[in-house]
Amino acid sequence: LEAEIERLKRNIEAEEAFDVERENLLGMLEQLAEVVLAAQQSLQAQMDNLGVTTDTADTLLGRVLAERLAATLHRQEMDEIASRAYIWTSPGTEDTLDEVWYRDYMGDTSHEALGRFFWQVDETGTVTLYLHYGDEPIGLTAETLSDFKASLLALATGYTEPIRVTETLEKLLSDGALSDSDNQLDNMANRLFTVAKPMLLVDDWVANNAAYTNVIVAAKVLKRRDGLYNRLQPWMPNPNSTRLLDATDAYTLALLQRVSMVPLNGVSSLREAQDYYRLNHDLSNNPNDRPPQRPVLTSVYEAEAEALRLEQQMVARLRTRKNLLHPLVVTALTESDRTRVFCMALASGEIDIEELPGDEGYEALFITRDGEERVFNIPSLLDDPKMHIFIKSLLTFVLDKQTFDDDFVQRTFDRYRNQAQDYAALWRDWTSEEGAWNDWMDAIDEDDTINARAVFDILKLSRLYALVYMPK
């Protein structure tokens, strides 16, 4: 096109006579040449930004390939974790799961996804590739590479959502490794036991001096999980102590052993284990955090699974930062039903905290709506003047099953659930940003970081439970 424009210009300029139309035509050809040049330069820039004509990393292709390489390396790192195995291929085949899922799910939608891309030419002839996913289309330029890549990844994430929702471990195993075939069930039991075996073997000293429980963790909906339990139980150390635990993770099947030897505060590596747990569940707010070079391989107990579920709900419902619940609060979640009732009573104004005369601290009363009072008898092991009354009261409510018997706890919860409409105004006030829970936070000494964090977590839980059970 450039050559043709130049040829036309030479032919017209060869005419010696001056003519207005001739000059206008030459001007139009000049403008057309400028448009063609702008289009050529912009297309070259688009190819450079896409990474078609250059192999530098600072292109869209380079950045996407970097994401792919990071995912591949992460997969290799995952495979190196001791006592853990991942399923990357479809059972009974050599096809990778991503290939199978792309074939099954993206066949009908790939054209629709490609339709989100379009070319746009402006009045100067500049050509730009656009991606429309979200509120506004975004054009590809050197300045928008990061945002364009983010939109591209968001597009891929959106189209693969059905895969993440549908393709759970339960479905994969039920269709293959835990199908109706007893041979496949035996193979899966053998594989799970082989992977977990190094963590399960205990020497005679441990067996004689520690209490331990074998735990098989599987989703309740997992097909033939009882058959898996029946095959694994005889192979376990102390088979009678083996139990089946419902998993909250639809993508995990685990064989664990819980050993009780010393109090948690006597485990010197607990802090490192907690840090690893934080990173493993993406609860760290520090973008520079990296998993430890030597991971601490610990098995979670039931309260940690409940704590993780609540931590995720608080991020979604309360818009709080990702963070771990305080260890004392997690300890209370070993009796999750009692912790829930305590937090709901707090939101309902039924726990009365009274300041005692002098420096004697506080006293807590549980006051029900029918006038019944029950005093928190703080046990001696919690009688620490440095411990906040909220923490003492919560742990007392969990431990003291004479003052707060199981029937009382269940009746109290049933009252909150069945009479939620009567509590709605109280709960709505408590859960608001300016609610009464703020008064307790204001009363905490800013330097008292340990109490402040635990009390804040108790208050957050009380707000969460009030939101969950508040009538729609």
Side-chain angles (χ1 to χ4, degrees), residues 72 74-101 104 163-164 166-208 210-260 276-277 280 294-302 304-305:
T72 302
H74 182 58
R75 178 182 296 186
Q76 293 174 359
E77 292 172 352
M78 293 167 67
D79 281 334
E80 292 174 0
I81 299 177
S83 301
R84 186 176 295 184
Y86 295 88
I87 299 176
W88 303 114
T89 59
S90 181
T93 72
E94 295 299 321
D95 296 335
T96 61
L97 288 175
D98 51 355
E99 292 173 341
V100 173
W101 292 337
D104 292 347
I163 298 176
R164 295 194 302 278
T166 305
E167 296 297 332
T168 62
L169 182 70
E170 174 269 327
K171 180 178 183 299
L172 179 69
L173 295 184
S174 296
D175 290 346
L178 289 182
S179 65
D180 293 331
S181 167
D182 287 341
N183 183 52
Q184 288 177 315
L185 187 63
D186 290 337
N187 289 339
M188 176 51 65
N190 273 307
R191 182 179 181 186
L192 183 59
F193 184 75
T194 300
V195 170
K197 189 175 180 180
M199 298 283 286
L200 299 176
L201 294 181
V202 294
D203 57 32
D204 292 339
W205 187 90
V206 174
N208 294 328
Y212 58 90
T213 304
N214 308 308
V215 183
I216 301 169
V217 185
K220 185 176 290 188
V221 294
L222 185 63
K223 185 177 181 181
R224 303 193 75 190
R225 73 171 193 162
D226 290 336
L228 187 66
Y229 171 82
N230 292 333
R231 280 164 170 76
L232 287 168
Q233 185 187 21
W235 303 342
M236 306 295 291
N238 193 10
N240 293 332
S241 69
T242 304
R243 59 176 299 190
L244 186 62
L245 179 66
D246 293 338
T248 57
D249 185 351
Y251 307 93
T252 298
L253 180 64
L255 181 56
L256 312 171
Q257 189 175 71
R258 186 176 61 198
V259 180
S260 302
Y276 186 72
Y277 170 80
N280 192 46
R294 299 178 62 188
V296 178
L297 300 173
T298 59
S299 60
V300 299
Y301 58 103
E302 294 91 324
E304 286 179 333

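Side-chain contact between D226 and R231 is absent, with no heavy-atom pair separated by less than 4.5 Å. Annotation: side chain of M236 is in contact with side chain of F193 (closest heavy-atom distance under 4.5 Å).
Not counting sequence neighbours, W235 has no partner by the side chain to side chain donor-acceptor pair (under 3.5 Å) test. For Q233, the side chain to side chain contact (heavy atoms under 4.5 Å, CB included) partners two or more places apart in sequence, or in a different chain, are Y229, P239, T242. The side chain to side chain donor-acceptor pair (under 3.5 Å) check on E99 picks up T96, with sequence neighbours excluded. Under the rule for a side chain to side chain contact (heavy atoms under 4.5 Å, CB included), T194 has no partner lying at least two apart in sequence or in another chain.
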| task | Check step by step if side chain to side chain contact (heavy atoms under 4.5 Å, CB included) holds for R191 and I87. | result | CA-CA 11 Å; R191 182 179 181 186; I87 299 176; 3.9 Å; yes
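Atoms CH2 and CE, from W88 and M78 in turn, are 4.0 Å apart once rounded to the nearest 0.5 Å. For the atom pair CG (L244) and CG (N214), the distance works out to 12.5 Å, reported to the nearest 0.5 Å. One finds the CD1 atom of I163 at 10.0 Å from the CG atom of L97 (value rounded to the nearest 0.5 Å). Summarising the geometry, atom CG belonging to L255 is positioned 6.0 Å from atom CD1 belonging to I216; distances are rounded to the nearest 0.5 Å.
For A218 against L253, the heavy-atom pair with the smallest separation is CB-CD1, 3.5 Å.
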